[in-house]
Amino acid sequence: MNRAVSSIRSRHVAHLAAAAAASSPAAAEAWDGRFRLHKPRGQHLLTNPRVLDAIAHRAALRPGDAVLEVGPGTGNLTVRLLASPAARVSAVEIDPRMVDAVTARVDALGLAHKLTVITADAVEAEFPEFDVCVANIPYGISSPLIAKLLFGPYRFRAATLLLQKEFARRLVAVPGDSEYNRLAANVRMVADARLLMDVSKRDFVPMPKVDSSLVEIRPRAAAPDVDLAEWLAFTRSCFGQKNKTLGAIFKQKRKVLELFRRSHGAKERRDDNANASRNSSLVALGGGDYDGDMSDGDSNDGYDGAASFSEEEVAVFKAKIAGALEFSELAGKRPSKLSNDELLRLLKLLNEQGVRFQ
């Protein structure tokens, strides 16, 4: 009898403990396995309470802020954002199971009035207005999501993002760093990025193969004096073979013919395709640049983009490119060693010579 009573009391205490945990904003981080998490989709739940608290603190949310969270999962970070001075949180989640989990959790806490859940692909969805973005995002969408935030129509104060450690290092790299790449150059054109802290892979369930880093991105108040679609296409050309010098990159026959075709295409076609070209460029910031040399580069097999123009016209065009490089004194430089100001000066010189990249 005593044993039975003791068993009933134990179950009752366990039930009360579970209820208390469900009502605490910092509770329920540990994954209870209620459904299967898919590693290939980047479903890794951050479960370390100290790290979750640190992320919410680093976001520096203010009274009245509208917060955008991408990939809330089961709500470990969401409940902390809702408990902050922020006025509301909009969470974008593609997995209906996660939507149900975070909604039920927030309902139990009595915070549902501050949360809006958008069931959609974050890369494709239209975001509501927000002041701050805070997210533990799937690694696979890091580059397109950052591109969407920085080059889309959104105006916000800061984004605090948990990213794959290697990607984060590339994002905050500066000219001359071994990690410096097109991603960093493109982000630095419109924003400032800094590393906040590293997060161990052991703080996630299931445990990923790599560690993570928390990064803050702050858009600059003034827009750069450059056609951003043209800039993005230009950096793609430069950093596609970043271990070559700019002179070597832009003297290749294939590259010259490609630029010749783009620069001498029908204006009407460029106007018609301007928006589509811009949109397609914006989702490719260069998170995984190719760092080696392309195969020959002088080969022109199967390329007929300039077939309707004479060799003399192409030669004149090539000379204009060479002239711009010589005038800029950058022909012997590698793009990974150059500042955005230097690259921008070269782009403007090339554009003045009628060379277009998109």
Side-chain angles (χ1 to χ4, degrees), residues 38 41-43 55 59 61-62 64-75 77-79 81-82 84 86-103 106 111-163 167 171 183 186-187 189-191 193 215-221 223-224 227-229 231-233 271-287 358:
H38 298 292
R41 298 181 187 174
Q43 291 183 339
I55 294 174
L61 300 177
R62 304 172 184 172
D65 273 349
V67 182
L68 173 70
E69 183 185 12
V70 177
T74 58
L77 180 59
T78 313
V79 295
L81 301 177
L82 291 169
S84 76
R88 63 185 186 276
V89 176
S90 297
V92 183
E93 175 58 60
I94 193 172
D95 190 334
R97 303 172 307 164
M98 298 290 190
V99 172
D100 292 341
V102 71
T103 301
V106 170
L111 294 171
H113 63 285
K114 293 181 66 175
L115 177 68
T116 300
V117 180
I118 301 169
T119 307
D121 183 336
V123 175
E124 302 294 336
E126 181 177 345
F127 296 151
E129 291 186 4
F130 63 96
D131 301 296
V132 178
C133 177
V134 186
N136 168 26
I137 60 178
Y139 295 154
I141 67 168
S142 298
S143 184
L145 178 63
I146 291 172
K148 180 176 181 175
L149 292 173
L150 293 181
F151 294 93
Y154 308 106
R155 298 293 175 264
F156 59 97
R157 186 170 73 248
T160 304
L161 307 177
L162 193 58
L163 307 166
F167 181 91
L171 178 69
L183 169 71
N186 288 335
V187 169
M189 178 58 69
V190 295
V215 170
E216 180 189 70
I217 302 174
R218 287 188 173 269
R220 293 182 180 149
D227 181 320
L228 288 175
W231 165 263
L232 290 169
D271 289 343
D272 291 342
N273 294 336
N275 290 332
S277 174
R278 177 178 172 81
N279 290 337
S280 64
S281 298
L282 296 184
V283 296
L285 285 183
Q358 62 88 34

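Below, each value reflects all heavy atoms present in this structure, side chains not excepted, and no hydrogens, waters or symmetry copies. Positions are given from 1 along the sequence.
Closest approach of Val92 to Ala125, counting heavy atoms only: CG1-CB, 4.5 Å. Here the shortest heavy-atom pairing between Phe127 and Leu68 reads CD1-CD2, 3.6 Å. Across all non-hydrogen atoms, the minimal contact from Pro72 to Glu93 is CD-OE1, 3.3 Å. Closest approach of Tyr139 to Ser142, counting heavy atoms only: O-OG, 3.0 Å. Counting all heavy atoms, side chain and backbone alike, Ala191 lies closest to Pro219 at CB-CA, 3.8 Å. Closest non-hydrogen pair, Ala59 versus Val132, comes out as O-CG1, 4.4 Å.
In this structure, the separation between CD1 on Ile137 and CG on Leu162 is 8.5 Å, given to the nearest 0.5 Å. Rounding to the nearest 0.5 Å gives a distance of 10.0 Å between CG of Leu81 and CG of Leu115. Put simply, CZ on Phe156 and CZ on Arg218 are 10.5 Å apart, with the number rounded to the nearest 0.5 Å. Rounding to the nearest 0.5 angstrom, the gap separating the CZ atom in Phe151 from the CG atom in Leu232 is 5.0 Å. Atom-to-atom distance recorded for Ile146:CD1 and Leu163:CG is 5.0 Å, nearest 0.5 angstrom.
With hydrogens and angles disregarded, no donor-acceptor distance shorter than 3.5 Å links the side chain of Lys114 to the backbone of Arg88. Tyr154 places no side-chain N or O within donor-acceptor distance of the main-chain N or O of Phe130, the cut-off being under 3.5 Å. In this structure, Lys148 contributes its side chain and Ala122 its backbone to a donor-acceptor pair below 3.5 Å.
Here the side chains of Leu171 and Ile217 are in contact, with some heavy-atom distance below 4.5 Å. Contact check for Asp95 versus Val99: no side-chain heavy atoms found under the 4.5 Å cut-off. Between Ile118 and Pro128 there is a side-chain heavy-atom pair separated by less than 4.5 Å. Counting heavy atoms from C-beta on, the side chains of Thr116 and Val89 never come closer than 4.5 Å.
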>> Assess the residue pair Leu228 and Val190 against the criterion (side chain to side chain contact (heavy atoms under 4.5 Å, CB included)); give the C-alpha distance rounded to whole Å, side-chain angles, the decisive distance to 0.1 Å, and a yes or no.
In response: CA-CA 9 Å; Leu228 288 175; Val190 295; 4.1 Å; yes

>> Would Leu149 and Cys133 count as a side chain to side chain contact (heavy atoms under 4.5 Å, CB included) here? Give the steps.
In response: CA-CA 9 Å; Leu149 292 173; Cys133 177; 4.2 Å; yes

> Going through the distances and angles, do Asp65 and Arg157 end up as a salt bridge (Lys or Arg N to Asp or Glu O under 4.0 Å)?
Replying inline: CA-CA 10 Å; Asp65 273 349; Arg157 186 170 73 248; 2.7 Å; yes

> Step by step, would you call Thr160 with Val215 a side chain to side chain contact (heavy atoms under 4.5 Å, CB included)?
Replying inline: CA-CA 6 Å; Thr160 304; Val215 170; over 6 Å; no

>> Show, in sequence, the C-alpha distance, side-chain angles and deciding distance for Leu77 and Ile55, and conclude whether the side chain to side chain contact (heavy atoms under 4.5 Å, CB included) test is met.
In response: CA-CA 8 Å; Leu77 180 59; Ile55 294 174; 4.0 Å; yes

> What do the steps show when you test Glu69 against Thr78 for side chain to side chain donor-acceptor pair (under 3.5 Å), and what is the final call?
Replying inline: CA-CA 8 Å; Glu69 183 185 12; Thr78 313; 2.6 Å; yes

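Ionic pairing of Arg62 and Asp131 is not present here: no N-O contact between side-chain nitrogen and carboxylate oxygen is shorter than 4.0 angstrom.
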